[in-house]
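Naming: A, B, ... by sequence-line order, numbering from 1 per chain.
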Amino acid sequence: MKSSSPPIAPLRDTESSVLQVETEAEVSPYFVDLEKLRKADLDNLRQTGLLGSDGTGVQLLRDKHIEYLSQVWQQPLKPGFVTLDSSRPWILYWCLHGCDLLDGLSTIDDETRCRMVSTLEQCWTPMSIQDPPVTKEEDPQYYVGIDNSTDFVLGGFGGGPMQMAHAATTYASILSLCILATDSTGAEESSSRAKQLLANIRIPLYRWMLSLQTNEGGYRMHHDGEVDVRASYTVLCCADLCQLNTEHLRHEKVAQYIQNCQSFEGGVSAEANCEAHGGYVFCGVAALFLLRRLDLLDIPALTSWLARRQMSYEGGFSGRANKLVDGCYSFWQGGANAIASSFYAPGDQINDPWLERQGDEALGFSLLFDAPMLERYILLCAQDIRGGLRDKPSKPRDFYHSCYNLSGLSVAQHCDFAEEAYGDLEQTRVARTHPCYNIRIDRVRDMLQLTW
Amino acid sequence: MTSTSPSTTHRMMIPADEVSDIFSDLTPVPQDEGPLEPVCAIQYPTSFRIAYDYMRAIWQVKEYSPRALQLAALCLRQNPANYTVWQWRRQCLKELGLRNDKEAILKDLQLTATLGGSNPKNYQIWYHRRALLESYGGTADGKEQQQLSLLRQDFGESELAYYESVIDIDSKNYHCWSNRQWFLCTLNDDDLWERELEYTEELIDDDQRNNSAWNQRWTVVHKGTKNPLSLEITKSEADFCLTSGCKVDPYNESPWRYLVALLQEQLKHEKTDTAVAEEMIREYEQKSASLAQILVDAQRDPEKCVNMTWARVDMLEMAGDKASLEQSVRMARDLETQHDVVRNKYWKLRISQLQEKLAQNK
Ligand SMILES: [Zn+2]
């Protein structure tokens, strides 16, 4: 592996540069050359589990991470979590997907998984309208199950029981249900309940998603809610997984709305005029990929912005120019980078290269960032030795950062030519996530093969 | 509904310990967790549970009243991210005919400021502000000039001052900047654009690495549109960029990207003659190259200044002549192999693209 460039001091100190220099100092103790460590120090590291018993390969604390993530279904969360009371499907998705990447689903019994499906079912919020926006000829999908009735049921998942349907929590719920539905080994009951729930809500969900679309081609996060590229992405992603992606949801103006969010820097922002940002760049790039309209973006500018987000010393990604490294961007920027690099693949841009890939065959294109450097940041700086992952060493672990560090690790390990890796790859390898949907590729494949 | 004295009608929030008394006429609605033991369950504090049980009761009977607004405020204090309560609050204000009432809106703006604290970071708080102001003085769509002047007159200064107070604490607060952009674009007032330009200059002088301020500057000079700048403004912005950004610290990414984007825009602009644009690009590439001296004077190696070299590679590529392209390949090669090896895959791609252009150039 290449060694990272030593940090260069700024010519003038500013508030931003001081924070950057502090962060470099914060991570530097993690970047010692393991081969030069004294035996006592090595033994110490072995005890934490960060180092394997024989070699010097850095390890992923798999069991500890699974244990940390499993709390969420084993015991109620502390009262401090009330500020996440409108994000309960998110908490479930972060932990379930994190476990799934660690091949840890087998540790969750069928009964517990049924509780997950049931919790999500309680978050489902239906409503009804009388005046459909499309005729039966224009959109037969909208009329499925409607005979003579004038009541059209719409719905999505809210953050908790009796909360409004919200695009982000709907996304988290659908992804969680896809994971549960497609893993039936030893979990027949929960898997069939998840499938049944998806079958029941598909059409109302479709109607609701259509009702979020604005005249300009954006989507709202909820009725009377904000319009931004997160909504475009989460809607299109759910529609795809449930095979609901009609021409109405994929209208040309939907892609144009996202195109308008590319900023002068080359990245994508929440809405037109805002600052390019990792979370939004992922949403914009993934949504345009799902629409097969990546060509609408200025790809050279995008690639250049994405390339600059990898920190030359820390190896992880920052969310925006002159901001600090943060483990969650391992996925947001890493995933966007994987998707953007598919643009350079030979051939047409119609298929999904990650789904089509057989086994371990190489993708026709490589990541445009340094995967081993990112892996090093995740394994050394983002892992909490008690289990769970974090933004950076000075920040506490949490479920969100655990999920997106692991997802980023998966992109780094699987979307590259994988010439090299950091650490003990046999031990650190996590399951292969799909960079657009961010659930395992085998799950996406299974979902797309279902007939409704 | 219980009778309330005028003083209690006007308070913003019900004290948590009075909730059961004030709503004694309603039956609390507990959260329905379904038939199985839930996952991601939260150990709600008692006051939280009581407040939300009555909130659900209010939703069920669709009561739109001052006391309901006060209860919503209490619920939001305990979880300011509950978008359902915020949305219901807007609905309630509407039902009470308060959406065009300046005093009522001011009170709600104050509530969002209080609940957000000095550095508010959640979507809901910011969207509430925006939604209330968007509909103020009329419908959200197709705002008439009259409504805009009312918005400016009643909230213009206070709103900008509020954003500024947040930016003072956190100069890169994403939500705050996006609200500020939306507000300025909605009012689209030349005086305000002028003032905002000065504001970005102040912020950039404070911290040349404040990328949000550079982004704001781009929005301001473009007045929130995608229309290319005039050649004249492009030059003055490019000069500002070099003087106030690149020269101060050539390692800083922000001004370099601003400069490259300005030049790129002119190159693509149909109204700017390509030869004129290319000439201007060569001029700024030269000026950029001359900044190496600043680094030499500071006993630094200019070769290791990646952001400067990167911007020059981009400018040489835009200049497009054979000599420039050849130079850009050499510089990109140095980045790939020596000075920016973390991005060597990216540079390999760039070099192959540059070589393709060179081949076409012959
Ligand atoms: Zn983060």
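Looking at B:Leu262, there are no atoms closer than 4.5 Å to chain A (heavy atoms on both sides), in backbone or side chain. Neither the backbone nor the side chain of B:Trp126 comes within contact range of chain A; no heavy atom of the residue lies under 4.5 Å from a heavy atom of that chain. Of the atoms belonging to A:Phe264, heavy atoms from both backbone and side chain fall under 4.5 Å from chain B. At a 4.5 Å heavy-atom cutoff, the contact between A:Asp228 and chain B is made by side-chain atoms alone. Heavy atoms closer than 4.5 Å to chain A are found in the side chain of B:Ala298, but not in its backbone. Heavy-atom distances place the side chain of B:Asn307, and not its backbone, under 4.5 Å from chain A. Of the atoms belonging to A:Leu92, heavy atoms from both backbone and side chain fall under 4.5 Å from chain B. The contact between A:Ser16 and chain B is made by backbone and side chain atoms together, counting heavy-atom distances below 4.5 Å. At a 4.5 Å heavy-atom cutoff, the contact between B:Tyr174 and chain A is made by backbone and side-chain atoms alike. Interface residue A:Ala9: backbone and side-chain heavy atoms are both found under 4.5 Å from chain B. If you measure heavy-atom distances from B:Gln208 to chain A, the contacts under 4.5 Å come from both the backbone and the side chain. Residue A:Leu120 does not touch chain B at all, counting heavy-atom pairs closer than 4.5 Å. Heavy atoms closer than 4.5 Å to chain B are found nowhere in A:Gln71, neither backbone nor side chain. Proximity to chain B (any heavy atom under 4.5 Å) is restricted, for A:Tyr344, to the side chain, taken from C-beta onward. Using a 4.5 Å cut-off between heavy atoms, A:Ser341 makes no contact with chain B at all. Heavy-atom distances place the side chain of B:Leu349, and not its backbone, under 4.5 Å from chain A. The contact between A:Thr169 and chain B is made entirely by side chain atoms (from C-beta outward), counting heavy-atom distances below 4.5 Å. Contacts between A:Cys114 and chain B at a heavy-atom distance below 4.5 Å involve backbone atoms as well as side-chain atoms. Looking at B:Tyr346, both its backbone and its side chain come within 4.5 Å of chain A, counting heavy atoms on both sides. If you measure heavy-atom distances from A:Asp298 to chain B, the contacts under 4.5 Å come from the side chain alone. For B:Gln31, the part sitting under 4.5 Å from any heavy atom of chain A is the side chain, from C-beta outward, and nothing else. Proximity to chain B (any heavy atom under 4.5 Å) is shown, for A:Ser87, by neither the backbone nor the side chain. If you measure heavy-atom distances from A:His223 to chain B, the contacts under 4.5 Å come from the backbone alone. No part of B:Gln264 comes within reach of chain A, as not one of its non-hydrogen atoms sits under 4.5 angstrom from that chain.
A donor-acceptor pair under 3.5 Å links the side-chain atoms of B:Glu265 to the main chain of B:Leu229, judged by distance alone.
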Could you walk me through whether B:Tyr83 and B:Tyr127 pass the ring-ring contact (aromatic ring centres under 6.0 Å, His included) check?
-> CA-CA 9 Å; B:Tyr83 57 92; B:Tyr127 181 67; over 10 Å; no
Report the C-alpha distance between B:Trp218 and B:Trp214 in whole Å, list the side-chain angles of each, state the deciding distance to 0.1 Å, and finish with yes or no for ring-ring contact (aromatic ring centres under 6.0 Å, His included).
-> CA-CA 6 Å; B:Trp218 182 275; B:Trp214 286 99; over 10 Å; no
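With respect to chain B, the highest number of heavy-atom pairs below 4.5 Å among A:Asn273, A:Thr14, A:Leu306 belongs to A:Asn273. Of all the listed residues (A:Met116, A:Glu111, A:Gln75, A:Met221), the one sharing the greatest number of non-hydrogen pairs under 4.5 Å with chain B is A:Met116. Interface summary for chain B: among A:Ser263, A:Gly225, A:Gly159, A:Ala272, the most heavy-atom pairs under 4.5 angstrom belong to A:Gly225. When each of A:Gln74, A:His277, A:Gln20, A:Met311 is checked for heavy-atom pairs under 4.5 Å with chain B, A:His277 comes out on top. Among A:Lys78, A:Arg320, A:Lys323, the residue making the largest number of heavy-atom pairs under 4.5 Å with chain B is A:Arg320. Note: A:Tyr280 leads A:Phe399, A:Trp73, A:Tyr280 in heavy-atom pairs under 4.5 Å with chain B. Note: B:Gly34 leads B:Gly34, B:Cys185, B:Cys305, B:Pro80 in heavy-atom pairs under 4.5 Å with chain A. Among the candidates B:Lys304, B:Arg130, B:Gln78, B:Gln216, the residue making the largest number of heavy-atom pairs closer than 4.5 Å to chain A is B:Arg130. When the candidates B:Asp249, B:Thr219, B:Val85, B:Val29 are compared by the number of heavy-atom contacts under 4.5 Å with chain A, B:Asp249 comes out ahead.
Atom CD of A:Gln256 is surrounded by more than 12 heavy atoms from other residues, nucleotides or ligands within 6.0 Å. In the displayed structure, B:Arg77 atom CZ is contacted under 6.0 Å by at most 12 heavy atoms of other residues, nucleotides or ligands. By the 6.0 Å contact criterion, CD on A:Glu15 is open, its count of non-hydrogen atoms from other residues, nucleotides or ligands being 12 or less.
Seen from the ring of B:Tyr123, A:Arg230 counts as a face-on cation partner, given the 6.0 Å and 45° thresholds. A cation-pi arrangement is absent between B:Arg90 and B:Trp86 under the rule of less than 6.0 angstrom and at most 45 degrees off the ring axis.
The heavy-atom pair separating B:Pro120 from B:Gly117 by the smallest distance is CD-O, 3.5 Å. In terms of heavy-atom proximity, A:Pro161 sits nearest to A:Arg88 at CD-NH1, 3.8 Å. Shown here for B:Glu253 and A:Ala321, the closest heavy-atom pair between the two residues is OE2-CB, 3.6 Å.
Salt-bridge annotation for A:Glu121 and A:Arg193: absent, with no side-chain N of the basic residue lying under 4.0 Å from a carboxylate O of the acidic one. The existence of a salt bridge linking B:Asp314 and B:Arg350 is confirmed by a sub-4.0 Å separation between a basic side-chain nitrogen and an acidic carboxylate oxygen.
A:Glu265 and B:Asn215 share no side-chain donor-acceptor pair at under 3.5 Å. A:Gln310 and A:Asn337 share no side-chain donor-acceptor pair at under 3.5 Å.
Within the 6.0 Å centre-distance limit, the rings of B:Trp310 and B:Trp347 are counted as a close aromatic pair. In summary, the aromatic rings of A:Phe369 and A:Phe317 are positioned with their centroids under 6.0 Å apart.
Looking only at side-chain heavy atoms (C-beta outward), B:Leu259 and B:Pro255 stay at 4.5 Å or farther from each other.
B:Glu37 CD to A:Arg115 CZ: the interatomic distance, rounded to the nearest 0.5 Å, is 4.0 Å.
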